[in-house]
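Quick notes on the structure that follows.
Both ligands and their constituent atoms are indexed starting at 1 by order of listing. Just so you know, these numbers come straight off a predicted model, no measurement behind them.
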Amino acid sequence: MNHQVTVQPSGHQFAAEAEETLLAAAIRQSVGLPYGCQDGACGSCKCKLLQGEITLGPHQLKALSEAERAQGFILACRAKALTDVVIESHEVVGAGEFPVKKMPARVSSIEHLAPDVVRVMLQLPAADPLRYRAGQYLQFLLRDGARRSYSMANAPTEAPQVELHLRHMPGGKFTDHVFSAMKEKEIQRIEGPFGSFFLRDDAAQRPMIFLASGTGFAPIKAMLEQMQAQGDARAVTLYWGGRKQQDIYLHDWVMQQCARMPTLRFVPVLSEADAGWAGRTGFVHHAVMADLPDLSGHVVYACGAPVMVDAARHDFSQQCKLPEDAFFADAFTTEADKAGAKA
Ligand SMILES: Cc1cc2nc3c(=O)[nH]c(=O)nc-3n(C[C@H](O)[C@H](O)[C@H](O)COP(=O)(O)OP(=O)(O)OC[C@H]3O[C@@H](n4cnc5c(N)ncnc54)[C@H](O)[C@@H]3O)c2cc1C
């Protein structure tokens with residue numbers, strides 16, 4: 001049986017089928033609820049249940065704590081309606097703009113950017129292009145029903161090609177395959193675009209901080225390309241963190257963009273730098289805090305390891321006066337993250 005979902009304060013309404021989460025129903029009907037991992041691990045789709053009854057599937061306590069649950073908060077990606085419901089959630093302009101589609105994708109090239117990072121180029125059907133916003137992600141649909149998410153690393157163009165940056169996670173179901181068996185011309189099934197991590201218009205033209213760890217650089221690269229294509233002249237400082245120099249795997253590419261974009265500054269930061277590294281060291285979000293102890297006039301786009309995203313969100317708002325609504329993030333959650341403390 002279908003139930004009606006009403007979103008406040010917009011008043012938008014959509015139908016959720018019995019076995020469908022509120023988020024899946026919203027995505028299907030192009031309603032722009034905010035979300036990230038779709039797996040109960042990142043908390044981006046947290047919203048408040050104002051009326052009605054739901055069941056809530058397993059989720060990470062760091063995504064939705066018991067105290068938040070007691071106050072009526074739920075995760076749209078884990079909630080199924082038992083009655084008509086009313087939820088309170090902000091909506092993201094443009095999040096439902098492009099339809100989510102399944103399609104075959106042919107691996108056109110696999111190139112090592114670092115010992116544990118590859119750039120995979122996918123050829124998509126020319127007649128049925130994947131339209132997306134720079135910053136969004138797609139999912140590989142694996143044969144056993146599992147899905148794995150990867151951010152597009154190129155801005156959308158007319159060419160039916162997407163670029164992905166994949167880091168090897170030893171023991172990982174999909175990246176073990178990519179690093180040991182994936183071949184050019186291999187056909188995969190994908191679905192997308194997903195996610196609400198993309199650049200927002202900003203009438204105030206506030207300076208932006210792009211914060212990336214490891215392959216969290218992928219969607220940031222797409223955003224930089226889009227800024228250039230659109231002549232977006234907002235000031236942006238990219239802080240890209242890794243353990244070793246090889247983790248900043250497109251350092252030279254970023255330096256080339258700095259030469260093209262006078263508004264772009266680049267600060268690579270290493271947490272386990274070898275002797276000889278003359279640049280910044282430590283945790284990447286600490287470098288931001290050292291340079292900008294007052295972030296009240298900035299907007300931050302953060303992407304990569306969940307631990308980095310969580311620490312930046314907390315420390316920037318608690319110690320650097322970053323407004324809560326000026327922090328946008330995609331946390332690259334994995335099966336290991338999902339295996340932790342659950343409710
Ligand atoms: C929105 C989003 C965008 C993303 N974009 C990117 C991207 O652009 N680039 C990128 O590299 N990654 C990205 N990721 C992460 C990516 O989706 C995968 O999670 C990652 O590549 C690992 O997939 P896998 O199948 O190889 O590993 P998995 O099978 O998911 O395993 C991951 C790790 O956890 C371990 N593990 C598996 N199961 C358990 C368990 N039960 N308990 C403990 N440990 C376990 C494995 O040994 C492995 O080391 C993104 C994630 C999200 C949510």
Worksheet entry | Lys NZ or Arg CZ of Lys46 over Phe73 ring: under 6.0 Å, within 45° |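 Geometry flag: not set, cation outside 6.0 Å or 45°.
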Fill in: Basic-acidic side-chain contact under 4.0 Å: Asp39, Arg78
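Looking at Arg78 together with Asp39, the answer is yes, because their closest N to O distance falls below 4.0 Å.
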Among all protein non-hydrogen atoms, which one is nearest to [atom], and what is the separation to 0.1 Å?
atom: atom 35 (C) of ligand 1; value: Ala336 CB, 4.1 Å
atom: atom 9 (N) of ligand 1; value: His165 O, 2.7 Å
atom: atom 7 (C) of ligand 1; value: Phe332 CE2, 3.3 Å
atom: atom 21 (O) of ligand 1; value: Tyr150 OH, 2.6 Å
atom: atom 10 (C) of ligand 1; value: Thr215 OG1, 3.4 Å
atom: atom 53 (C) of ligand 1; value: Thr333 OG1, 3.5 Å
atom: atom 37 (C) of ligand 1; value: Glu335 CB, 3.6 Å
atom: atom 41 (N) of ligand 1; value: Ala339 CB, 3.7 Å

Check each atom of ligand 1 against the heavy atoms of [X] and keep those under 4.0 Å away; list them by number with element.
X: Gly171; value: 46 (C), 47 (O)
X: Thr334; value: 19 (O), 32 (C)
X: Leu166; value: 11 (O)

Practice prompt. Report yes or no: do Ser108 and Gln161 form a side-chain donor-acceptor pair below 3.5 Å?
Written response: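 A pair is found: one side chain offers a donor N or O, the other an acceptor, under 3.5 Å apart.
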Worksheet item: Going by distance alone, is a donor N or O of one side chain under 3.5 Å from an acceptor N or O of the other, for Thr83 and Glu53?
Response: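 Short answer, no.
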Can you confirm, on distance only, whether ligand 1 has an N/O atom lying under 3.5 Å from any N/O atom belonging to [X]?
X: Phe174; answer: yes
X: Arg167; answer: yes
X: Thr175; answer: yes
X: Lys173; answer: yes

Discussion item. If we set the cut-off at 4.0 Å for heavy atoms, which region of Tyr137 has an atom near ligand 1: side chain, backbone, both, or neither?
Written reply: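 Contact part for Tyr137 vs ligand 1: side chain (C-beta onward).
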Worksheet item: How does His168 reach ligand 1, by side chain, by backbone, by both or by neither, if only non-hydrogen atoms under 4.0 Å count?
Response: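 Answer for His168: neither.
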Look at [atom] and find which of [options] reaches it with the closest heavy atom.
atom: atom 49 (O) of ligand 1; options: Ser44, Gly216, Pro170; value: Pro170
atom: atom 28 (P) of ligand 1; options: Met169, Gln139, Arg148; value: Arg148
atom: atom 31 (O) of ligand 1; options: Gly172, Ala222, Ser151, Cys303; value: Gly172
atom: atom 50 (C) of ligand 1; options: Ser149, Ala218, Pro219; value: Ser149

Practice prompt. Please state whether the rings of Trp240 and Phe217 are parallel, tilted or perpendicular, taking 30° and 60° as the class boundaries.
Written response: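 Ring orientation of Trp240 relative to Phe217: parallel.
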Discussion item. Parallel, tilted or perpendicular: which one describes the rings of Phe194 and Tyr35, with boundaries at 30° and 60°?
Written reply: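 Rings of Phe194 and Tyr35: perpendicular, as their planes differ by over 60°.
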Item to complete: Dump the intermediate steps for salt bridge (Lys or Arg N to Asp or Glu O under 4.0 Å) on Arg106 and Glu186, then the final yes or no.
Response: CA-CA 6 Å; Arg106 190 164 59 96; Glu186 178 174 315; over 6 Å; no
Discussion item. Using every non-hydrogen atom in the two residues, find where Asp201 and Arg234 come nearest and quote the distance to one decimal.
Written reply: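 Closest approach of Asp201 to Arg234: C-NH1, 4.4 Å.
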So that I know where these two stand, are [X] and [Y] an aromatic pair - ring centroids less than 6.0 Å apart?
X: His112; Y: Phe179; result: yes
X: Phe98; Y: Tyr132; result: no
X: His298; Y: Phe316; result: no
X: Tyr239; Y: Phe283; result: no

Worksheet item: Cys42: heavy atom below 4.0 Å from ligand 1, yes or no?
Response: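 The answer is no: ligand 1 sits nowhere under 4.0 Å from a heavy atom of Cys42.
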Worksheet item: Could you state the interatomic distance from CE (Met261) to CD (Glu225), rounded to the nearest 0.5 Å?
Response: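 Here the rounded value is 10.5 Å.
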